[in-house]
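For reference, the structure is listed below as structure tokens.
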Amino acid sequence: MAGSGASDDEIVLEIEHCISIFKSGRVERYFGSDPVPPSTDAVTGVASKDHTVSPEVAVRLYLPPVATDGKKLPILVYFHGGGFVLHTALNFVFHGYLTSLAARARAIVVSVDYRIAPEHPLPAAYDDSWQALSWVASHAPGGGAGEEPWLTEHGDFSRLSLGGESAGANIAHHLAMRAGAEEGLLPHGARISGGILLVHPYFLGHGKVPSEDSDPVMAENVVKMWRVVRPGTSGVDDPWINPLAAGAPPMEALACGRVLMCLAETDVCRDRGRAYCSGLRASGWAGEVEVVEVAGQGHCFHLGNFACDDAVRQDEVISRFLNL
């Protein structure tokens, strides 16, 4: 039995200072799991509050100071990163960043707290995120009063966007694909009319790409991570992690007219993001792709210091995208 216990204590995934996942199913997370309360930010005036969508899904809404002319604000439904294994959307990192982004973009942000793996393997995160998006869409004009006044009174559903970084960008892509699979799938005729924002997306694929040389250990870990979050996966060409794989749904069905791709020079996932853009353009999709790449920065650098010059410039591009 001692040998069995030792085997159960074997680490199947370890990312230093982030997470250890053991063969026994035990998980140790070292940051990102502690929520902070909603508040009104003293500097920007952005207010936040929480809403429970279902027993599995919650959202935090961010509302910047409302203009006196009654002009409605764009809506961004945001999915946090963390490789599907880390973070709550309610932690101090995302609370601080999205307060800042809501202020800069003058947009309503709805941040989705979805279930994470390995306790809740995929497709739980996709299903939870779709549930949250459907809840937001239920407030679209023509659908009745809706239960959340910030959305019904201040939200402009002609500028509804999806976005996120890393695993959250992966989610945004797949929800836009799901919305395109069947017209009218979202309540009250709501559409992803603004576009999708993909920041340092977590995509993989067969064959090595040059950006993986920037951090070989992390490049190996993101592959290991995928096998943890989606047990039984076919591997790096599973369509959930490689939208360009054979058997993936045709990208021309992406249910939006614009995509903003944000890349970072030293991110191991950079070249997968570039390939995504090339594949989307070649697919017959009729929309527009904008690519912004930040030199000298790595994966999700903006979350470490969203006030640094590079993060501010990236957020200014995002703000323009949301307000078109």
Checklist line | Backbone of Y202 reached by a side-chain donor or acceptor of R272 within 3.5 Å | finding: no
Checklist line | Side-chain touch I108/K72, heavy atoms, less than 4.5 angstrom | finding: no
Next item on the list: Could you give me the CA-CA distance, side-chain angles and deciding distance for E220 and K224, then say whether salt bridge (charged side-chain N to carboxylate O under 4.0 Å, His left out) is met?
Entry: CA-CA 6 Å; E220 181 180 351; K224 288 181 180 178; 3.5 Å; yes
Item checked: Closest contact, heavy atoms only, I192 versus I196 -> CG2-CG2, 4.2 Å
Margin query: Please evaluate residues D213 and K208 with respect to the criterion side-chain contact (heavy atoms from CB on, under 4.5 Å), reporting the C-alpha separation (whole Å), side-chain torsions for both, the decisive distance (0.1 Å), and the verdict.
Written below: CA-CA 9 Å; D213 289 333; K208 188 177 180 181; 2.7 Å; yes
Check: So, the side chain of S48 versus the backbone of Y62: is there a donor-acceptor pair under 3.5 Å, distance only?
Finding: no
Notebook entry, point to check: Cluster question for you: counting only ILVMFWY and a side-chain heavy-atom cut-off of under 4.5 Å, with indirect links fine, are V93 and F301 together?
Noted result: no
Next item on the list: Indicate the atoms forming the closest heavy-atom contact of A137 with A190, along with that distance.
Entry: CB-CB, 3.6 Å
Next item on the list: Would you confirm whether S166, through its side chain, and G168, through its main-chain N or O, come within 3.5 Å as a donor-acceptor pair?
Entry: no
Check: Between P118 and R29, what is the shortest heavy-atom contact and its length?
Finding: CD-NH2, 3.8 Å
Checklist line | Interatomic distance, I318 atom CD1 to L76 atom CG [nearest 0.5 angstrom] | finding: 8.5 Å
Check: Going by heavy atoms in the side chains, are R106 and L322 under 4.5 Å from each other?
Finding: no
Next item on the list: Grab the two heavy atoms, one from L244 and one from Y276, that are nearest each other, plus how far apart they are.
Entry: CD1-N, 4.1 Å
Margin query: Let me confirm one number: the OG1-CG distance from T52 to D113, rounded to the nearest 0.5 Å.
Written below: 9.5 Å
Notebook entry, point to check: ring pair (Phe, Tyr, Trp, His ring centres under 6.0 Å) between F157 and H139: does it pass, once the steps are laid out?
Noted result: CA-CA 9 Å; F157 279 85; H139 296 79; 7.3 Å; no
Notebook entry, point to check: Quick one: are V77 and L162 in side-chain contact, heavy atoms under 4.5 Å?
Noted result: yes
Notebook entry, point to check: Less than 4.5 Å apart, any side-chain heavy atom of R230 and any of F84?
Noted result: no
Check: Is there a donor-acceptor pair under 3.5 Å between the side chain of R159 and the backbone N or O of A107?
Finding: no
Check: Where the side chain of R270 meets the backbone of E265, is there a donor-acceptor pair that is under 3.5 Å apart?
Finding: yes
Next item on the list: Would you please test V292 and M261 for side-chain contact (heavy atoms from CB on, under 4.5 Å) and show each step?
Entry: CA-CA 6 Å; V292 175; M261 175 68 74; over 6 Å; no
Check: What's the verdict on side-chain hydrogen bond (donor to acceptor under 3.5 Å, both in side chains) for D41 and T99, showing C-alpha distance, side-chain angles and the deciding distance?
Finding: CA-CA 8 Å; D41 185 65; T99 295; 5.7 Å; no
Notebook entry, point to check: What's the verdict on side-chain contact (heavy atoms from CB on, under 4.5 Å) for V109 and V46, showing C-alpha distance, side-chain angles and the deciding distance?
Noted result: CA-CA 10 Å; V109 180; V46 171; over 6 Å; no
Margin query: Is there a continuous path of hydrophobic side-chain contacts, each under 4.5 Å between heavy atoms, that joins F79 to V229?
Written below: yes
Item checked: K49 side, atom NZ; T40 side, atom OG1 - distance, nearest 0.5 Å -> 10.5 Å
Note to self: Just so I know, are the side chains of W226 and V222 near enough to count as touching, which here means a heavy-atom distance under 4.5 Å?
What the structure shows: no
Next item on the list: Determine whether the side chains of W135 and E147 contain a donor N or O and an acceptor N or O closer than 3.5 Å.
Entry: yes
Checklist line | D267 CG to E212 CD distance, which is reported to the nearest 0.5 Å | finding: 10.5 Å
Checklist line | Within-4.5 Å side-chain heavy-atom neighbours: I19 and M225 | finding: no
Checklist line | Aromatic ring pairing H299/H200, orientation class (parallel under 30°, perpendicular over 60°, tilted between) | finding: tilted
Margin query: Using side-chain contact (heavy atoms from CB on, under 4.5 Å), reason through N170 and Y126 one step at a time and then give a plain yes or no.
Written below: CA-CA 9 Å; N170 176 302; Y126 297 127; 2.8 Å; yes
Note to self: Check whether S100 reaches the backbone of G96 with its side chain - one donor and one acceptor, N or O, closer than 3.5 Å.
What the structure shows: no
Item checked: 4.5 Å side-chain heavy-atom contact, R104 and V312 -> yes
Checklist line | Atom of V289, atom of R281 and distance for their closest heavy-atom approach | finding: O-NH2, 3.6 Å
Check: How are the rings of H80 and Y114 set to each other: parallel, tilted or perpendicular (split at 30° and 60°)?
Finding: parallel
Checklist line | Test item: T266 side-chain N/O and Q297 main-chain N/O as donor-acceptor pair under 3.5 Å | finding: yes
Check: Does one hydrophobic cluster hold both F94 and L61, with members joined at side-chain heavy-atom distances below 4.5 Å?
Finding: no
Notebook entry, point to check: Above 12 or not: heavy atoms from other molecules or residues under 6.0 Å from CD of E28?
Noted result: yes
Next item on the list: Taking atom CD of E16 as the centre, report whether more than 12 heavy atoms of other residues, nucleotides or ligands fall under 6.0 Å from it.
Entry: no
Checklist line | Atom of G180, atom of A255 and distance for their closest heavy-atom approach | finding: N-CB, 3.4 Å
Note to self: Rounded to the nearest 0.5 Å, what separates atom CG in L122 from atom CD1 in I116?
What the structure shows: 11.0 Å
Notebook entry, point to check: Do the side chains of L197 and V291 join up, straight or via other hydrophobic residues, at under 4.5 Å, putting them in one cluster?
Noted result: no
Note to self: For the backbone of W240 and the side chain of H174, can you confirm whether one donor and one acceptor N or O come within less than 3.5 Å of each other?
What the structure shows: yes
Check: In the single-linkage hydrophobic clustering (I, L, V, M, F, W, Y; side-chain heavy atoms under 4.5 Å), do F31 and L90 co-cluster?
Finding: no
Margin query: Under a 3.5 Å distance rule, please check whether D237 uses its side chain to pair with a backbone N or O of A245 as donor and acceptor.
Written below: no
Item checked: Inter-residue atom distance L160.CG - L186.CG, 0.5 Å rounding -> 8.0 Å
Margin query: For a 4.5 angstrom cut-off between non-hydrogen side-chain atoms, does C269 reach S211?
Written below: no
Margin query: Between the side chains of K71 and D156, is the shortest nitrogen-to-carboxylate-oxygen separation below 4.0 Å, so that they form an ion pair?
Written below: no
